[in-house]
Amino acid sequence: DTAVSQTPKYLVTQMGNDKSIKCEQNLGHDTMYWYKQDSKKFLKIMFSYNNKELIINETVPNRFSPKSPDKAHLNLHINSLELGDSAVYFCASSQNTISGANVLTFGAGSRLTVL
Amino acid sequence: AQSVTQLDSHVSVSEGTPVLLRCNYSSSYSPSLFWYVQHPNKGLQLLLKYTSAATLVKGINGFEAEFKKSETSFHLTKPSAHMSDAAEYFCVVSDTGRRALTFGSGTRLQVQP
């Protein structure tokens, strides 16, 4: 199936731990994103990579470090987890267009719970 | 700068009645506008998009939206709600050339039998 797939779907961990979420897309898209959805359903861009190059880096604590080994993968590593990091993290991808009409294809989300 | 305001956080309709989800946007340039739907515990799915072509845009599942520049609005409508339409709906704006989308705060649509 052509899709954006992210793992794990659920992640429960203790404060202070380090964890990673992986994302892969087989759509041939050039651009990948990480979005954070908080408990009020608000979605906010965190990072975007275009062909392995970081192009968007919003105000995110440097405990969050994205890594893109190739244009089909964008992983998110989080150090020293805090309670406020609890959220659903969505990976997405899009074609590399300059028109601004970027249609995003989203993964199913990874629900992170920090205890 | 771009922003989007969804005027209702929660809308409840009866099955078979019309749906109206309201969205106003602010954009410095010619915007692209989208509606995405999120069913419970699922990812987001594109419903429809406006990219400066026809102002009335038809999407999937019978939804449509009309771009009104004078009102800076992009309201989502459907003539007859179905139980399966119950979900969270997000209005999204993207300025020309900017790769990141700005999401509205979402509208939860509830459909009563």
Side-chain angles (χ1 to χ4, degrees), chain A residues 1 3-7 9-10 21 23 25 27 29-51 53-60 74 87-111 113, chain B residues 1-6 8-11 21 25 27-54 57 59-60 67 74 86-110:
Chain A
D1 288 340
V4 178
S5 56
Q6 49 184 115
T7 56
K9 192 169 182 179
Y10 300 97
I21 307 172
C23 180
Q25 56 95 2
L27 298 163
H29 289 167
D30 289 329
T31 308
M32 295 185 73
Y33 311 78
W34 278 108
Y35 279 83
K36 180 180 179 180
Q37 186 175 46
D38 63 23
S39 58
K40 295 182 179 176
K41 300 287 187 182
F42 184 66
L43 269 153
K44 190 170 163 52
I45 181 77
M46 299 174 70
F47 302 103
S48 177
Y49 272 72
N50 181 55
N51 208 4
E53 180 186 347
L54 181 66
I55 55 170
I56 294 175
N57 184 355
E58 296 293 303
T59 306
V60 176
L74 180 60
V88 182
Y89 292 85
F90 285 98
C91 179
S93 70
S94 70
Q95 292 283 4
N96 181 25
T97 67
I98 60 171
S99 69
N102 290 306
V103 175
L104 268 59
T105 301
F106 283 85
S110 296
R111 182 178 293 273
T113 302
Chain B
Q2 57 189 26
S3 66
V4 61
T5 302
Q6 292 184 241
D8 306 294
S9 59
H10 183 241
V11 170
L21 305 183
Y25 70 92
S27 175
S28 303
Y29 305 100
S30 299
S32 295
L33 293 155
F34 310 79
W35 277 96
Y36 281 81
V37 61
Q38 183 180 23
H39 287 93
N41 299 314
K42 301 280 187 186
L44 284 83
Q45 180 186 16
L46 179 71
L47 269 181
L48 49 81
K49 67 176 181 179
Y50 165 78
T51 56
S52 75
V57 182
I60 61 172
F67 173 72
F74 190 58
E88 192 88 21
Y89 291 80
F90 293 93
C91 183
V92 184
V93 65
S94 173
D95 278 336
T96 301
R98 176 171 161 80
R99 294 187 176 114
L101 305 180
T102 299
F103 283 75
S105 54
T107 298
R108 174 158 293 182
L109 175 64
Q110 196 172 19

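Order of the sequence lines fixes the chain letters, A, B, ..., with proteins taken first and strands second; residue numbering starts at 1 for each chain. None of the values given here were measured: they were computed from a predicted structure.
Side-chain atoms of Leu43(A) and Tyr36(B), non-hydrogen and from C-beta on, never get closer than 4.5 Å to each other. Using a 4.5 Å cut-off on side-chain heavy atoms (C-beta onward), Gln37(A) and Phe103(B) make no contact.
Interface remark: Gln6(A) contributes no atoms to any contact with chain B (heavy atom separation under 4.5 Å). Of the atoms belonging to Gln38(B), it is side-chain heavy atoms, and not backbone ones, that fall under 4.5 Å from chain A. Using a 4.5 Å cut-off between heavy atoms, Lys40(A) touches chain B through its backbone atoms (N, CA, C, O) alone. With a threshold of 4.5 angstrom between heavy atoms, Leu46(B) approaches chain A through side-chain atoms but not through N, CA, C or O.
Listed by chain and number, the residues in a ring pair (Phe, Tyr, Trp, His ring centres under 6.0 Å) with Phe90(B) amount to none (sequence neighbours excluded). With sequence neighbours excluded, no residue forms a salt bridge (charged side-chain N to carboxylate O under 4.0 Å, His left out) with Arg111(A).
Leu101(B) contributes atom CG, which lies 6.5 Å from atom OH of Tyr33(A) (distance to the nearest 0.5 angstrom).
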